[in-house]
**Student:** 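My structure is below; once you've seen it, I'll send some questions.
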Amino acid sequence: KIVTHKVVAILNHAAFIDGEWHKIGDKVGVYTITHIGVDRITIKSERESKQLIIPVREKKFKMFKGN
């Protein structure tokens with residue numbers, strides 16, 4: 001069985017993974033969070049290390065000019 005984890009936000013050295021906020025040292029399934037970067041985190045288990053990357057989506061902004 002393949003288990004996937006999804007990171008959708010990183011803010012103030014915390015990562016929002018699978019609907020919950022986590023910090024370095026927290027467990028996510030069998031993995032431990034070892035690094036939180038700007039757009040990715042690193043998780044490690046006894047057997048492997050993985051990087052979870054925030055998906056890039058095209059963002060459109062509208063600029064409004066003041067009075």
Side-chain angles (χ1 to χ4, degrees):
K1 180 179 174 182
I2 296 174
V3 177
T4 59
H5 299 286
K6 185 176 181 181
V7 60
V8 294
I10 295 174
L11 180 65
N12 295 332
H13 307 291
F16 196 70
I17 307 165
D18 300 336
E20 295 181 354
W21 286 100
H22 295 277
K23 60 185 185 213
I24 292 174
D26 287 355
K27 296 283 268 183
V28 178
V30 299
Y31 297 93
T32 301
I33 299 171
T34 59
H35 176 77
I36 298 177
V38 175
D39 64 348
R40 68 191 69 214
I41 69 163
T42 303
I43 56 176
K44 292 184 180 180
S45 71
E46 290 181 9
R47 297 181 182 198
E48 65 182 333
S49 176
K50 293 184 176 185
Q51 284 196 347
L52 303 178
I53 301 169
I54 294 177
V56 177
R57 294 189 180 127
E58 181 179 349
K59 295 180 181 181
K60 295 181 181 178
F61 295 96
K62 290 185 178 182
M63 299 293 288
F64 293 96
K65 195 169 188 174
N67 292 335

**Student:** Once side-chain contact (heavy atoms from CB on, under 4.5 Å) is applied, do any residues pair with E46, and if so which ones, sequence neighbours excluded?
**Tutor:**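 side-chain contact (heavy atoms from CB on, under 4.5 Å) list for E46, sorted by chain: empty.
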**Student:** Going through the checks in order, is the side chain to side chain contact (heavy atoms under 4.5 Å, CB included) test met by I41 and I43?
**Tutor:** CA-CA 7 Å; I41 69 163; I43 56 176; 3.9 Å; yes
**Student:** Can you give me every donor-acceptor pair (side chain of residues 8-19, partner residue at least two apart or in another chain, under 3.5 Å) with its distance?
**Tutor:**
| residue | atom | partner | partner atom | Å |
| --- | --- | --- | --- | --- |
| D18 | OD1 | K6 | N | 2.9 |
| D18 | OD2 | H5 | ND1 | 2.6 |

**Student:** Of all heavy-atom pairs between K27 and T32, which one has the smallest distance, and what is that distance?
**Tutor:** CD-OG1, 3.2 Å
**Student:** Using side-chain contact (heavy atoms from CB on, under 4.5 Å) as the criterion, list what pairs up with D39, not counting sequence neighbours.
**Tutor:**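 Partners of D39 by the side-chain contact (heavy atoms from CB on, under 4.5 Å) criterion come out as none, since no residue qualifies.
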**Student:** Measuring from atom CG of D26 to atom CD1 of I33, what distance do you get when rounded to the nearest 0.5 angstrom?
**Tutor:** 5.5 Å
**Student:** Could you tell me which non-hydrogen atom of H22 sits nearest to which non-hydrogen atom of E20, and how far apart they are?
**Tutor:** CD2-O, 3.2 Å
**Student:** With sequence neighbours excluded, tell me which residues meet side-chain contact (heavy atoms from CB on, under 4.5 Å) with K44.
**Tutor:**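 K44 satisfies side-chain contact (heavy atoms from CB on, under 4.5 Å) with T34, T42, S49 only.
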